[in-house]
Amino acid sequence: MFFRSLALLSTVAALFSSNLAVSAYPTTSGKVWHVTVGNATGGTIFNPNYINASPGDRVEFTFNPKNHSVTQSSFANPCTHLNNGFDAGFHPVANASSWDLPTFSINVNDTKPVWVYCRQAENTAGSHCGKGMVFGLNPGAEGSNNSFSLFQQAALQIGQQLVASASSASVASTASATHTTTQAAASSSSSWSDHYDSWNHDDNSWSYDDDDSYDNDYKWRRDY
């Protein structure tokens, strides 16, 4: 009974690993490719930024400072998490000299392109993907319509759009604040302006409009 249960558990685990194509401790018979995520100074790079691997190989990503992810995307949307695609999550690293840097591995099941990006600061002007932090597994050859260069260029264009959008929002916010301040100042100035019509020689006082008056002991009296 014990051995039958153990065999069943092994079968379930194998099926789970096969469906995800990613596991914490993948076993392969092929080559192991090592890819660094970021660098010692917190750079927004994968090194190398693309590889051409064979079925049965394994790709091991090693996280460096400061805080990056390894997230699957698509060629059409380089900075967006692919539905049902893998995502290693964020791995903050303070010191690149640490002996136990976190890693994340995927098995290579075929030669179809797999596209990866870092989703740190996603959809903001500081997007790591928007700065070109992308990776390609088995991309098309240079000059083809699915080359790594085109993939990275698309990511950089997204980054430029995010920066431009943030800049426009900042300008609009500043303009709105300036307009509000100007209106408030104008309103304040208008509310304290006083108007008079003529000097009354009989009681030595100015004749004012309906809002303001001035009496003989030199005190303002305002009607609200």
Going by heavy atoms in the side chains, are [X] and [Y] under 4.5 Å from each other?
| X | Y | result |
| --- | --- | --- |
| R119 | H81 | no |
| K31 | S54 | no |
| I51 | D57 | no |
| V59 | I106 | yes |
| E122 | Y117 | yes |
| P65 | N95 | no |
| N146 | P139 | no |
| C118 | V37 | no |

Kindly say whether [Y] contributes a backbone atom to a donor-acceptor pair with the side chain of [X] at under 3.5 angstrom?
| X | Y | value |
| --- | --- | --- |
| N107 | N109 | no |
| S168 | A164 | yes |
| E60 | T103 | no |

Kindly compute the distance separating [atom1] ([X]) from [atom2] ([Y]), expressed to the nearest 0.5 Å.
| X | Y | atom1 | atom2 | value |
| --- | --- | --- | --- | --- |
| H128 | Q120 | NE2 | CD | 5.0 Å |
| Q161 | N123 | CD | CG | 11.5 Å |
| N47 | H34 | CG | NE2 | 13.0 Å |
| W115 | L137 | CH2 | CG | 9.0 Å |
| N64 | S97 | CG | OG | 10.5 Å |
| I158 | Q153 | CD1 | CD | 12.5 Å |

Does [X] share a hydrophobic cluster with [Y], counting links as ILVMFWY side-chain heavy atoms below 4.5 Å and allowing steps through other members?
| X | Y | answer |
| --- | --- | --- |
| F148 | L156 | no |
| V35 | V93 | yes |
| V134 | V114 | no |
| F63 | W33 | yes |

| said: Would you say OH of Y50 has more than 12 non-hydrogen atoms from neighbouring residues, nucleotides or ligands within 6.0 angstrom? | reply: no

Closest approach of [X] and [Y], non-hydrogen atoms and distance?
| X | Y | value |
| --- | --- | --- |
| F75 | S147 | CE1-O, 3.6 Å |
| A53 | T111 | O-CG2, 4.4 Å |
| G130 | S127 | N-OG, 2.9 Å |
| P102 | H91 | CB-ND1, 3.7 Å |
| H68 | G38 | NE2-CA, 3.8 Å |
| P78 | F151 | CB-CE1, 3.3 Å |

| query | What class does the angle between the rings of F104 and F86 fall in, given that below 30° is parallel, 30 to 60° is tilted and above 60° is perpendicular? | reply |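 Ring orientation of F104 relative to F86: tilted.
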
| said: For F46 and F61, take the angle between the two ring planes, folded into 0 to 90°, and tell me which bin it lands in: parallel under 30, tilted 30 to 60, perpendicular over 60. | reply: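 If you compare the ring of F46 with that of F61, the planes turn out perpendicular.
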
| said: When you measure from the SG of C129 to the SG of C79, is the result less than 2.5 Å? | reply: yes

| task | Dump the intermediate steps for side-chain contact (heavy atoms from CB on, under 4.5 Å) on N138 and V108, then the final yes or no. | result | CA-CA 10 Å; N138 293 330; V108 181; 4.3 Å; yes

| task | Check step by step if side-chain contact (heavy atoms from CB on, under 4.5 Å) holds for V70 and F135. | result | CA-CA 9 Å; V70 172; F135 171 82; over 6 Å; no

